Amino acid sequence: AATEVQRIAQALPDEFRVLLGQALAAYYQAASVQTALDWRSDPPQPAGHRLSAGDESAWQLLEKVRQRGRLWR
């Protein structure tokens, strides 16, 4: 037997997808959820996220970007 939520999802799939997206966004933006997941809530800019010296794989990925130099005026 289908639940009421399943019936709505089947009857209005596009609207349900939008509602689900909004609900998930609100959930994952909640400070308590971010804390529980050990996620950072501060923005990456203007201060940027710090990489530890031991994060070698990230530094390797960023090397091409560093070699490009400044792209803005």
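Small disclaimer: the values here were computed from a predicted structure and weren't measured.
Q6 places a side-chain N or O within donor-acceptor distance of the main-chain N or O of T3, the cut-off being under 3.5 Å.
Contacts of R66 classified as side chain to side chain donor-acceptor pair (under 3.5 Å), with partners at least two apart in sequence or in another chain: E63. Annotation: side chain to side chain donor-acceptor pair (under 3.5 Å) contacts of Q29 (sequence neighbours excluded): none. For D38, the side chain to side chain donor-acceptor pair (under 3.5 Å) criterion is met by no residue, not counting sequence neighbours.
If you chain together hydrophobic residues whose side chains sit under 4.5 Å apart, V5 and V18 never meet in one group. Put simply, V33 and W39 are part of the same group of oily side chains (I, L, V, M, F, W, Y) that touch within less than 4.5 Å, one to the next. In terms of hydrophobic clustering, with Ile, Leu, Val, Met, Phe, Trp and Tyr side chains grouped at heavy-atom distances under 4.5 Å, Y27 and L37 are assigned to a common cluster.
The distance from atom CG of L20 to atom CD of E15, rounded to the nearest 0.5 Å, is 13.5 Å. Here the CG-CG distance, from L19 to D14, works out to 12.5 Å after rounding to the nearest 0.5 Å.
With a 4.5 Å cut-off on side-chain heavy atoms, I8 and E4 count as touching. Inter-residue side-chain proximity for K64 and R68 is flagged as unmet; no heavy-atom pair is nearer than 4.5 Å.
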